[in-house]
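So the structure is just underneath, and the comments pick up after that.
One-based numbering, in listed order, for ligands and for the atoms of each. Source: prediction; values computed, not measured. Keep in mind that the numbers below use all heavy atoms, side chains included, and drop hydrogens, waters and symmetry copies. Along the sequence shown, the residues carry numbers beginning at 1.
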Amino acid sequence: MTKQENSDTAGLSRREAMQVGAGALLGAAAVFAAGEVARLAAQGDPQPTPPPATDSRYPMPPSWNRELRQLAPNVYAYTQGGGPGIPSPGVSNTGVIAGPDFLMAIDATQGPLPARGFISAAKQATGKDFGRLINTHHHGDHVNGNQFFPHAEILSHPYCRQECLKAAATTPKMWMPTPGIVDAPEERKLVSPSVTFKDDLTYFIGGTEVQFRFAGPAHTWGDMMAYLPQYKILFAGDVGFFWVAPYANNSYISKWLDICDTIAGWDVDVIVPGHGPIGGKKELAEMANYFRVLGVETRKRYDAKMTPGAAAAEIRLGRFDNWLGPERLIMDVVRWYEEWDGTLTPDYNANAVRQATIEYNQVKAGKKQADQIIPLSRMEALAEAC
Ligand SMILES: [Zn+2]
């Protein structure tokens, strides 16, 4: 993200401004911080606000297109476009395996616009409709589009189904206009998977062998990946984040690193990540390095008994500071802390991330880095996806 974009999009709700301001008053820079916070609050509704924490010594991520790309006979990846300065609503990549009678989808995206875009691209390329859909895990940007696959049997790990059922109980009844996700209001329903499997499962779709492999706990406790041995292709779901800061709100990071090491030993040439451009083992190893570098920096501060938010405000990650969505560092630090102090659960600890974000903002306000203050609503919006 550029400086310009960041200053344009820095906004705080009144509630957030009060919280940030209350903390800032404790610091020596209280006058500046309170005034700056008030100015930011006056700008109105919060917008996505990645902090301007890029490092000019390292390359910025590439840009990539939204496209259906054929990877092998009857095998396609559908990537969401992204890159520096490109507004990205956090929609996941997907995959298609075409059989003689029907298509199988790997993930359903986030809502009407991306789901219909994906479905029409797949139908245009193959002339077929979807008969199966696998959800790689329960996050909204992978399952919220399930309702747009009315003829597909939906499969997942049992944990993914259980979390979908929980989320369905509180899912709004209508899709409301949201940039990149929803054009016009329409009926909304979270359709949960109807078939579950715990371990590996193999489909033979036409001539294509598709091995579903359980990866969890890693990104979540219910991660499934699709491995196509004939073509050495892996659809990794959110076990893979390439050039995008990995999102760990429901993760077991050390076990996530283990599965990255395991995949390194597989016969794989092409990896389709849940987020970011198509890559391979090199890109997956880089994502693991993000967590390793973050882990070393976080551990020093954990041992020094800093709070997670204060630690996150201090940590620099070198080349990984340029990855998209850098504010995820806060939730990832929280998750490392929970793993080390024995409080980790499969669930997202919203209170801990919220508290850490407030602490992070207090440090930034105290250092007169108001342009790096992160609206709490931004962090809360992240809780719904990725
Ligand atoms: Zn996810």
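Rounding to the nearest 10°, we obtain 100° for the angle at the Zn ion (ligand 1) between His219 NE2 and His137 NE2.
Nearest to the Zn ion (ligand 1), among the N, O or S atoms that Asp238 has, is OD2. For His139, the N, O or S atom with the smallest separation from the Zn ion (ligand 1) is ND1.
Of the listed residues (His142, His138, His137), just one forms a ring-ring contact (aromatic ring centres under 6.0 Å, His included) with His219, and that residue is His137.
In this structure, CZ in Arg328 is found 12.0 Å from CD1 in Ile374, a value given to the nearest 0.5 Å. Expressed to the nearest 0.5 Å, how far CG of Asn144 lies from CH2 of Trp175 amounts to 4.5 Å.
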Do any side-chain atoms of residues 70-81 form donor-acceptor pairs under 3.5 angstrom with protein atoms, and if so which ones, sequence neighbours left out?
from, atom 1, to, atom 2, distance (Å)
Gln70, NE2, Ala72, O, 3.1
Thr79, OG1, Asn65, O, 3.0
Gln80, OE1, Arg66, NE, 3.4
Gln80, NE2, Ser92, O, 3.1

